[in-house]
Amino acid sequence: MNKEHVLEMINITKEFPGVKALDNVQLKVKKGTVHALMGENGAGKSTLMKILIGIYTPDSGKIIFDGEELKVSAIKNALDKGISMIHQELSPIPNMTVAENIFLGREPSYKFGWVKAKELEEKTRKLFEKLEIDIDPKAKMSELSIANTQMVEIAKAISYNSKLIIMDEPTSAITEKEVHHLFKIIRSLKQEGVSIIYITHKMDELSQITDEVTVLRDGKYIGTKSSDQITKDELIEMMVGRELNQIFHKQQVEIKELALSVQQLSKKGKFENISFEVRKGEIVGIAGLMGSGRTEVLESVFGINPSDSGEIYVHGEKATIRSPRDAIRYGMGLLTEDRKLTGLFLPLSVQDNIITVTIEQYAKGGFLNEKKIREDCQRLSDQLAIKTPSLQQLIKYLSGGNQQKALIARWLLQDPDILFLDEPTRGIDVGAKSEIYNLIFDLAKKGKAIVVVSSELPEILGLSDRIIVMHDGKKTGELSREEATQERIMELATGELVTSGS
Amino acid sequence: MSSQVSIVNKQKKSKSAVSSKERVSRILHKYGMLMILIGLIILMSFLSPTFLTTGNLLNIVRQMSVVGIVAIGVTIVIITTGIDLSSGSVIALVSVVAASFAHPDTYPFFVPILIGLGLGLLTGVINGTIISKAKIAPFIVTLGMMTAARGAALLFSDGRPIGNLSDSFKFIGQGAVFGIPVPIIIFAFVGVISYILLNKTKFGKYVYAIGGNEHAAIIAGVNVDKYKVFVYGYAGLLSGLAGIVLTSRISSGQPTAGVMYELDAIAAAVIGGTSLAGGIGTIGGTIVGALIIGVMNNGLDLLNVSPYWQQILKGVIITVAVFIDSRKNRKS
């Protein structure tokens, strides 16, 4: 038992159906320090934090917080113990005021729950004064900018007077000005003895604000280093490991004629003047931080949220795409970012999930040729090695990787010329990842034009012939496979943050 | 959470053991309500000597056929995560309009039938069009139709029943073929057609897809708006059919007919395993659900239980069915 550690998470293991999310992971945070937690998406950072605040229960392992073993079973519990978290995905209640949002669930009130509105407002005002935040406590959350919403979220986490605050990519949605403000707040928190776990993808924040860094990879603990001693290269090697060479077997493919050309595409508030081209047999990667507009560009080309201006050419001819139906008619396919939200039909069978796009092909006078459906789905299922007891199994019982394969099968059945893959390997294990990469290479070999969006730099680097980088809705660069490095991409993706330095 | 993980571990060790256990639970899922129906029938046969007679059993099905026809349409609507509250009022509207064309020696018997079906279809298409084009919640749109159609029925009939119907029209609700009442034949026919629609056609696949994940369906290129109009149109058509059967059976067009039928229909669908969360539901289940309500009503009548108690019991059963349904969904 070490007195100087405020938190010790030891040998934490957590398994989900089909994925070992955490395997004997440890994390030790010293009192009054900022501890960075780094790793690629899917490395297990979020799972580890969710265990700490009681959203998940670990299968095994021990958590010692502030000198005593922690048995958290609910978020409220964690808060009472002195752990609060700023979530990456903001979850304000839009129709309530700033003050009501901050003190939700612990409003100062009279007996019978009548809220003391004045006191609520006053407490918020004091909190904001202390943090030098200039936001009206009476404003509705829906009126705030994203950056201000993030600042409210930060203030809320601090208002619990916690001993440990977890910040999950707090700077992903705010501008440089607010970043400096946040860092100032963090430094004063440190002086008060508060410890902070700081999750980030931004290398330069490491030296600016953190004291130590722990790296996770594929659910495993890789190591803990002092922030001022570690170099970027060392860090990247810890995060990426050797898997880069191991799982990408990129083959030389002949790149042929132009398949898709996007010209000056703009959508207000989302992205501006985006142009790019994809050729048959080519894999083009789109890199950028969360909120940079990557997904929005794909959704726009595919007709989900059509653009305000700009032109799209398919095989050299101008295309009018107002809906996904149009896009599909032009020979496009889109594997969406969020499997559960926009891809899967959870209550339905694997087979019914695979045939959704192509049903028309099997319908004769409205009736379905079930034999042909079964044969085609079986063929694809075998080809992609989808692990399922039968095609009639409900898809919700499959692992993430197999669900993803079924969704890819859906588009393969349609046989599109142009395929958009948005985070094709999010939340699936390394084995399935490697299979999906090989599949993507195969498709390119067959002459498909492929666009991949991914937050995982090694994935983008390993797959792409060409990489387009976006920042804040704008295209900031285009790199050939030879020019592209993690650093170069991060520079372009972070925009002004790199030049600002520390 | 920890129990979920232990299941996974077990699965790795002995896949076959778990899958056979899973199979049993899936059979229970699938046929649970059918077993309850059979259990109810066996129970009632012991409690009342008149229950298990051909006459009484046919009577049960005949009485349930109107609500059953409506319930089949509502089931398809609910599978798409929608709801249709207008069925009962549409029945009333169709009832008075069809009756006014069904007087003896005026029009051939098929004229009121076609008019009734057309009117039902029209109300459904209006529901579906507003829901899909104006993006207003189905609950609100069909609540509006429920109120408006009831008003139209009262307006059309001046609030009075319309009697004096032709014998050929009355055959639909009162006749029998080979001893089987015509309403039962129509109910069965609707059941078979709807089963085929839902299971053998692309329409059916799209219905389940829209209910399973509407957003994913749009991205997969499904013309969600069009199919929603179809779905509500079909439900309206079946309400129209139910209105004709009912009018014929009671020998008059009633502007007050069909009150609460929409709720009985929804109850039948839910008891039959249709999930209000969408994507789950079968025609067979709904028919079983309707028969459970029918057997219960009939049995409690035979046992001289007061109709007040009957309503309370029905309420309890609906709630329990939904509770089981939500548990089922939570497990996954």
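Per chain, numbering begins at 1; letters A, B, ... match sequence-line order.
- With a 6.0 Å radius and a threshold of 12 heavy atoms from other residues, nucleotides or ligands, A:Lys267 has its NZ atom above the threshold.
- For A:Lys364, no part lies near chain B; criterion is any non-hydrogen pair under 4.5 Å.
- The environment of B:Lys135 atom NZ is dense: over 12 non-hydrogen atoms of other residues, nucleotides or ligands sit within 6.0 angstrom.
- The greatest number of non-hydrogen atom pairs below 4.5 Å with chain B, out of A:Ile355, A:Leu334, A:Ile304, A:Leu341, is found for A:Leu341.
- Among A:Asp326, A:Asn369, A:Asn353, A:Val357, the residue with the largest count of heavy-atom pairs under 4.5 Å with chain B is A:Val357.
- In this structure, the portion of A:Phe302 lying under 4.5 Å from any heavy atom of chain B is its side chain and not its backbone.
- Nearest approach of A:Pro347 to B:Gly279, heavy atoms of both residues: CB-O, 3.9 Å.
- Interface residue A:Glu360: backbone and side-chain heavy atoms are both found under 4.5 Å from chain B.
- Every residue two or more places apart in sequence or in another chain was checked for a salt bridge (charged side-chain N to carboxylate O under 4.0 Å, His left out) with A:Arg325, and none qualifies.
- Proximity to chain B (any heavy atom under 4.5 Å) is shown, for A:Thr358, by neither the backbone nor the side chain.
- When each of A:Ile328, A:Thr356, A:Ile359 is checked for heavy-atom pairs under 4.5 Å with chain B, A:Ile359 comes out on top.
- To the nearest 0.5 Å, atom CG of residue A:Leu346 and atom CD1 of residue B:Ile280 are 9.5 Å apart.
- At a 4.5 Å heavy-atom cutoff, the contact between B:Ile196 and chain A is made by side-chain atoms alone.
- In the displayed structure, A:Tyr362 atom OH is contacted under 6.0 Å by more than 12 heavy atoms of other residues, nucleotides or ligands.
- Heavy-atom proximity under 4.5 angstrom to chain A picks out B:Asn199, B:Lys200, B:Thr201, B:Lys202, B:Lys205, B:Tyr206, B:Tyr208, B:Ala209, B:Gly212, B:Asn213, B:His215, B:Ala216, B:Ala217 from residues 198-217 of chain B.
- When heavy atoms are compared at a cutoff of 4.5 Å, A:Leu407 does not approach chain B at all.
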